[in-house]
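Before any comments, here is the structure.
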Amino acid sequence: MVETCLFPAAGYGTRFLPATKAMPKEMLPILTKPLIQYGVEEALNAGCRTMAIVTGRGKRSIEDHFDISYELEHQIKDTSKEKFLTEIRNIMETATFSYTRQKEMRGLGHAILTGETLVGRNPFAVILADDLCFSEGEGVLTQMMRIYEKYRCCVVAIEEVDSHEAHKYGIIAADVIEEKIFRVKDMIEKPQKEKAPSNLAIIGRYILTPDIFNILRTTKPGINGELQITDALLELAKLGRVIGYKFEGIRYDCGSIDGFVRATNDFYQRMQK
Ligand code: G1P
């Protein structure tokens with residue numbers, strides 16, 4: 001059972017400036033719900049009960065969002081508006097939240113290593129909240145849990161991308177072992193188009209085994225001078241201990257304006273149905 005889901009949430013969100021000058025990018029809403037809440041709901045549906053959030057300076061509103069707001073609760077108690085808080089109240093009753101701060105932005109691998117203190121020596125999930133996933137059936141993390149139960153090693157969610165987009169992602173080389181399931185042999189973070197080993201990109205959903213922390217401690221900074229989770233995972237991939245899973249559903253890159261607008265439009269259309 002994977003109990004904890006880690007949310008790296010310390011990034012600046014520069015692509016959304018000035019909106020993200022004083023507000024965390026994870027709090028940008030798709031309709032009425034902040035991005036991070038969608039991620040937390042996906043983790044809860046997948047059976048995680050502990051949300052471990054790696055924050056940074058200026059991210060207090062994330063903590064406040066998953067806490068009681070006495071004044072507001074008092075104001076809207078027994079009014080028709082109370083229903084708007086039902087979902088978030090349910091989350092707060094079911095999940096436990098813990099936080100730690102990443103003092104310097106030194107890459108996703110560094111953010112995950114910072115979360116070690118919240119995760120302990122157990123397998124854990126990672127959700128990057130700006131990759132918003134939607135599926136008609138089971139959530140993406142729930143699908144991945146099943147793969148983890150079977151293979152008992154790291155699992156990364158993957159999707160096909162155009163070759164001119166390879167430089168935005170971790171790209172894998174892999175052998176098919178079952179429908180939609182791959183054994184990863186190689187992985188490169190943000191390769192140039194010509195160097196991409198395939199068109200299969202990692203998206204922001206991972207299940208990691210705790211041995212990743214020791215590997216991260218000795219991994220050298222990679223592309224952009226950052227500690228990359230992809231480089232650390234490569235060590236485990238060489239041992240055959242990373243599975244790529246082509247998930248069912250749609251992923252919106254809400255770290256980009258295009259993806260954010262698309263998510264907003266699609267979620268709005270679905271709400272009208
Ligand atoms: C991170 C990872 C990358 C992955 C991507 C998915 O990159 O480093 O391997 O493909 O998330 O969104 P970032 O988007 O933080 O640059």
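Starting from 1, each residue takes its place in the sequence as its number. Keep in mind it's a predicted model, so treat the numbers as computed, not measured. In each ligand, atom 1 is the first atom listed, and ligand 1 is the first ligand listed. In what follows, every heavy atom counts, from backbone to side chain, and hydrogens, waters and symmetry copies are set aside.
For F267 and Y38, the ring centers are positioned less than 6.0 Å apart.
Heavy-atom separations between I229 and ligand 1 are all 4.0 Å or longer.
Remark: the E248 side chain and the S135 side chain contain no N/O donor-acceptor pair separated by less than 3.5 Å.
Considering backbone and side-chain atoms alike, E189 places an N or O below 3.5 Å from some N or O of ligand 1.
Side-chain contact between E160 and L200 is present, with heavy atoms from C-beta onward closer than 4.5 Å. Side-chain contact between E63 and F97: absent, with no pair of heavy atoms (C-beta onward) separated by less than 4.5 Å.
Closest to atom 1 (C) of ligand 1, if we only count protein heavy atoms, is L108 CD2, 3.9 Å. Remark: minimum distance from atom 13 (P) of ligand 1 to any protein heavy atom is reached at K190 NZ, 3.6 Å. The protein heavy-atom contact nearest to atom 5 (C) of ligand 1 is I202 O, 4.0 Å.
Proximity of atom 11 (O) of ligand 1 to the protein is indicated by at least one non-hydrogen atom lying closer than 4.0 angstrom. Proximity of atom 15 (O) of ligand 1 to the protein is not indicated, since no non-hydrogen protein atom lies closer than 4.0 angstrom.
A distance of 13.0 Å separates CG of L208 from CG of N122, quoted to the nearest 0.5 Å.
Residue-level proximity to ligand 1 for L128 is carried by the side chain, the only part with a heavy atom below 4.0 angstrom.
Placement of V2 and V140 within a single hydrophobic cluster is found when ILVMFWY residues are connected by side-chain heavy-atom separations under 4.5 Å, directly or transitively.
The pair R205-E42 meets the salt-bridge criterion, with a side-chain N (NZ, NE, NH1 or NH2) lying under 4.0 Å from an Asp/Glu carboxylate O.
Interface of T230 with ligand 1, defined as ligand atoms under 4.0 Å from a residue heavy atom, comprises 9 (O).
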